[in-house]
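A short worksheet on the structure shown next.
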Amino acid sequence: MNPAIGYVSIAAVALVSALIGFYGLRVSRTTSDFYVASRTVRPWWNASAIGGEYLSAASFLGIAGLILLTGASALWFPIGYTAGYLMLLLFVAAPLRRSGAYTIPDFTEARLESRWARRVTSLLVIVVGWFYIVPQLQGAALTVRITTGLPAWAGSVAVAVIVAVVVAAGGMRAITFVQAFQFWLKLTALALPVVVLLLAVGGGTAAAPALDAALAPAVAFPTAAGPADLDVYRTVSLMVALLFGTLGLPHVLVRFYTNPDGVAARRTTVIVLVLLSVFYLFPTAFGLLGRVFAPDLAAPGSADALILLLPDRLVPGPLGDLLTALVIAGAFGAFLSTSSGLVVSLAGVISQDLLGGRVRGFRIAAIVSTAVPLAVALVTESTGLAGSVGLVFAFTASTLCPMLILGIWWRGLTARGAIAGMLTGAVLSAAAILAGAPLGAAVPALRPFLEQPAAWTVPLAVVVTVFVSRADRRGIPRGVDGYLTRLHVPERR
Amino acid sequence: MSDGGSETAAPLPPRPAGRARVRVTAPHTGGPAAQPAGRGARPGTSDVQGVYVRSLIRSQLRLALVVAAGFVIATGLFVVAIALVPDLDRTFVVGVPVSWLLLGFGLYPLVITVGVLYVRAAARNEARYRALAEDDS
């Protein structure tokens with residue numbers, strides 16, 4: 001592959017993101033502008049921004065790679081990523097908007113009237129955010145290594161620097177514009193290549209070596225890797241993680257505060273469902289194409305590069321170069337947008353809890369929030385983007401999700417119950433994720449339960465939360481009825 | 001039912017500028033920020049209002065649980081149906097087995113439909129609450 005294509009498209013995306021960011025800087029002046037874009041963002045803009053922020057390296061590169069690698073079981077990832085927004089719509093969208101809080105820790109403290117519950121929540125939000133940024137930086141490392149031939153760390157460092165600068169300079173108003181732009185960039189960057197490749201393959205105009213090497217359908221899509229060959233436990237557990245992990249992701253929640261009211265928050269979420277459904281058609285199509293035309297890439301280290309390499313294989317020449325430039329741009333957009341969304345919400349939490357909530361504190365916090373995951377990304381290596389993001393969802397679903405849903409819908413939740421449940425979920429799911437590889441090798445029967453822990457860690461976290469809250473009836477906050485009223489009663493019109 | 005029917009379809013006009021901007025400031029203590037208060041949020045809420053609010057919360061929760069269960073059951077049935085018809089693995093459309101195409105592309109219309117139905121029903125619950133609460137005050 002021609003390295004110039006890589007350099008040009010990466011530089012172009014970085015430049016455009018920075019420009020839009022600085023344009024936003026001119027309109028973001030006050031502290032509230034910085035945090036929640038003054039709540040004047042329109043539903044379509046907001047929905048595009050949510051999509052732009054949500055569609056990460058795992059969605060852009062990881063899903064197609066996983067379809068190539070494992071077959072139809074990977075089709076559950078995009079379904080879960082989309083349906084996660086359905087759960088968010090059903091259980092948290094409107095109430096959370098009406099809560100009037102800026103961040104998840106703000107919500108926890110207001111609902112439970114406890115500084116300790118707030119501290120535990122803040123800690124979890126920071127952990128979730130950091131470990132979600134890591135795969136983005138690893139995706140950037142992979143993309144830079146494959147497309148430019150530069151050392152992998154250059155990609156991680158480039159994304160980290162751009163994100164830290166844009167977020168620290170512009171805050172969230174700027175980021176809303178950047179994110180909305182990123183969604184349409186990512187959609188175009190996948191949709192156009194898919195259409196061109198399908199036309200080339202269907203019309204027989206694709207490169208002869210690629211067509212000759214194509215697998216027969218029955219070989220490319222064996223029944224053994226098909227939808228009927230379902231590992232029930234793993235699929236159910238993955239779906240629990242994705243469905244309930246989405247509504248606890250810090251960068252997703254902070255977006256809902258930028259809706260004018262609860263009804264607009266619901267409306268925005270439905271638009272997000274539509275945007276995501278359209279988007280996921282394309283990585284899925286890429287994955288299916290890859291099974292036929294690029295079976296040689298089906299190995300853990302290289303499968304995630306499928307989307308970057310396939311256009312050039314099927315339509316070599318100027319058109320292929322153009323499509324390659326487009327997918328590189330889209331991939332970089334994915335790393336930039338998800339990382340900056342996460343950094344905005346992490347910086348919000350860190351600056352409010354530790355640095356006094358001033359704009360200056362926000363800037364320092366933005367740099368800290370980028371530096372730590374960068375350090376982690378530089379010393380670890382990615383084994384599969386979709387898989388590692390899936391584990392972050394499992395952790396979120398086991399910790400923040402039970403507290404949020406019970407806090408919104410159950411009067412009896414107390415600070416002690418919430419803290420006990422969050423710590424239970426955190427310890428169990430982190431232990432399963434960390435011990436998964438060594439323990440799973442020793443006791444193979446335990447492997448699925450350690451590699452996909454959500455199906456047992458989420459229910460246990462909920463049970464602990466409920467039991468401890470029940471035992472702590474006097475701990476029910478005094479203001480609970482007023483606060484629940486505020487969450488559920490429609491706004492004055 | 002002032003706005004109940006209009007929030008369902010996906011393409012929506014931008015909302016009027018009049019009530020969009022709300023001035024808020026960063027909370028130092030982490031307490032809830034200023035917001036357009038719900039009617040019942042003021043102190044001294046009457047008992048009757050409290051009953052209405054509790055019934056609104058119950059009906060919204062019931063709705064969310066029913067919709068979530070419906071989605072999960074429908075998805076489960078869809079997958080079991082694919083698994084029970086082995087011919088779908090052997091029938092190829094554009095070179096891909098129909099079973100793969102169904103799982104890869106078939107569930108998104110369901111997700112969107114369920115979402116739209118939920119938003120309608122949730123708005124109906126809120127309109128019912130508003131009618132009761134306004135009659136009473």
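Everything numeric here is computed off the predicted structure, so don't read it as measured data. Chain letters run A, B, ... following the sequence lines, proteins first and then strands; every chain starts at 1.
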Contact origin within A:R291 toward chain B - heavy atom pairs under 4.5 Å: side chain
Parallel, tilted or perpendicular: ring planes of A:W409 versus A:H488, cut at 30 and 60 degrees: tilted
Residue, of A:L273, A:L484, A:I408, A:V278, that accumulates the most heavy atom pairs under 4.5 Å with chain B: A:L273
Between CZ on residue B:R128 and CG on residue B:L56, distance to nearest 0.5 Å: 9.5 Å
Charged N-O contact under 4.0 Å between B:R120 and B:E126: no
Straight-line distance of B:I112 CD1 to A:Y85 OH, nearest 0.5 Å: 14.5 Å
Plane angle bin for B:Y52 and B:Y129 - parallel if under 30°, tilted between 30 and 60°, otherwise perpendicular: perpendicular
Straight-line distance of A:T246 OG1 to A:L88 CG, nearest 0.5 Å: 7.5 Å
Geometric class of the A:F221/B:W100 ring pair [parallel <30°, tilted 30-60°, perpendicular >60°]: perpendicular
When A:A220, A:A225, A:A93, A:G479 are compared by non-hydrogen pairs under 4.5 Å with chain B, the top option: A:A225
Interface moiety of B:V79 toward chain A, non-hydrogen atoms closer than 4.5 Å: side chain
Pairs of heavy atoms under 4.5 Å with chain B: top-ranked of A:T235, A:L288, A:V292: A:L288
Most contacts with chain B, counted as non-hydrogen pairs under 4.5 angstrom, among A:L281, A:D481, A:L487: A:L281
Atom group of A:L230 that falls short of 4.5 Å from chain B, counting heavy atoms: side chain
Chain A contact via B:L63 - side chain, backbone, both or neither, heavy atoms under 4.5 Å: neither
Portion of A:L89 that has a non-hydrogen atom of chain B nearer than 4.5 angstrom: both
A:S277 side, atom OG; B:L107 side, atom CG - distance, nearest 0.5 Å: 10.0 Å
Which portion of A:I79 sits near chain B, non-hydrogen atoms under 4.5 angstrom: both
Chain B contact via A:P78 - side chain, backbone, both or neither, heavy atoms under 4.5 Å: both
